[in-house]
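This is the structure I want to talk about, given as structure tokens.
For the numbers below, each heavy atom of this structure counts, side chains included, while hydrogens, waters and symmetry mates do not. Here is the naming used below: chain letters follow the sequence lines, and residue numbers restart at 1 for every chain.
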Amino acid sequence: MNTLPREFYLRDTVTVAKELLGKRIVRKVGRTEISGTITETEAYRHRDDPASHAHRNVTERNKVMFGKVGISYVYFTYGMHYCFNIVAKNKKTRAGAVLIRAVRPEKGIRAMQKNRRQDSVRNLTNGPAKLTQALQITKEQNGLDLTSDSKLRVTEGTDRKKAIIASPRIGIREATDKLWNFKILI
DNA sequence: CCCTAGATTTACT
DNA sequence: GTAAATCTAGGGC
């Protein structure tokens, strides 16, 4: 399956968040391939988005969001969880990323069940910190180039276009008026 | 099914 | 100091 090119991510963050629905994340750990289709995303921008990590200045944590598009931004939160984002923004914007909130498991379900210590396929990747655990993504994968890395990529999907549901983003207190959470039905 | 509480570390108010 | 782009277990219905 074709890996998405850099230009895919060089557009408005909100546009890319919608476009990523139905695309596929492919992770390789040793000889095991783990993959899933993206079913839920959220856009986080820069100056106009008080809920974004990059709303203020560059810090050690958020610096990837100010860099090249198509790079992974993995951050640690709530004392125990990792979340996986992809840097995306148009040329005029300094910072932005798309949070991957849910995927539908495809290849490597056995490995995911082991990683999650959980048998129920429904509960494998239906949350931002669940899918990082299932795909073995930690801060080690922060800053990888998703357009060329051998162990973590985003490729075209096989799904037909489906209706997109837009909602307020989850778990934030600011900018709840922006409908920048996007999902497709499973 | 729903709800609430507790876990546990980082980053920056 | 404290809030955080969250999850799970445990109890009630």
Compute the centroid of each ring, for His81(A) and then for Phe76(A), and state whether the two points are separated by less than 6.0 Å.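 Here the rings of Phe76(A) and His81(A) have centres that are no less than 6.0 Å from each other.
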Bracket notation of DNA chain C in which parentheses pair within the strand, [ ] cross earlier pairs, and | pairs with another strand (Watson-Crick or G-U, under 3.5 Å): ||||.|||||||.
For the residue pair Ser52(A) / Arg45(A), report whether a side-chain donor-acceptor contact shorter than 3.5 Å exists. no
Salt bridge present between Glu33(A) and Lys107(A) (N-O < 4.0 angstrom): yes
Selection residues 4-24 of chain A - residue pairs positive for ring-ring contact (aromatic ring centres under 6.0 Å, His included), sequence neighbours left out: none
Between Glu156(A) and Asn2(A): side-chain donor-acceptor atoms closer than 3.5 Å: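 No pair is found: no donor N or O on one side chain lies under 3.5 Å from an acceptor on the other.
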Would you classify Ile172(A) as touching base, sugar-phosphate or nothing, given that sugar-phosphate means primed atoms plus P, OP1 and OP2, and contacts are heavy atoms under 4.0 Å?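 If one applies the 4.0 Å heavy-atom cut-off, Ile172(A) turns out to touch the sugar-phosphate alone, with no base involved.
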Among residues two or more places apart or on two chains, list those pairs meeting ring-ring contact (aromatic ring centres under 6.0 Å, His included) that have a residue in residues 11-48 of chain A. His46(A)-Phe66(A)
For Thr3(A) and Thr155(A), indicate whether the former's side chain and the latter's backbone hold a donor-acceptor pair under 3.5 Å. no
For Leu185(A), the hydrophobic cluster (side chain heavy atoms closer than 4.5 Å, chained through members) also holds Ile165(A)
Between atom OH in Tyr73(A) and atom P in dT10(B), what is the gap in whole Å? 15 Å
Going by atom types only, do Gln113(A) and Asp119(A) share a side-chain donor-acceptor pair under 3.5 Å?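 Per modelled atom types, Gln113(A) and Asp119(A) side chains form no pair under 3.5 Å.
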Want to settle it: does Lys130(A) or Leu99(A) sit nearer the 5' end of DNA chain C, counting the closest nucleotide to each? Leu99(A)
With a 4.0 Å heavy-atom cut-off, tell me which residues in residues 35-64 of chain A come close to DNA chain C, sorted by residue number. Tyr44(A), Ala51(A), His53(A)
Using modelled atom types only, decide if a donor and an acceptor are shared between the side chain of Asn126(A) and the backbone of Arg122(A) within a distance under 3.5 Å. yes
Identify whether the distance between the nearest side-chain nitrogen and carboxylate oxygen of Asp12(A) and Lys92(A) falls below 4.0 Å. no
Within the 4.0 Å heavy-atom criterion, would you say Arg117(A) contacts the bases, only the backbone, or no part of the nucleic acid?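 It contacts nothing in the nucleic acid.
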In whole angstroms, how far is the P atom of dT13(B) from the CZ atom of Arg173(A)? 16 Å
From the 5' end of DNA chain C to its 3' end, which nucleotides mark the outer limits of contact with chain A, defined by a 4.0 Å heavy-atom distance cut-off (strictly under)?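 So the contact region on DNA chain C extends dA4(C) to dT8(C).
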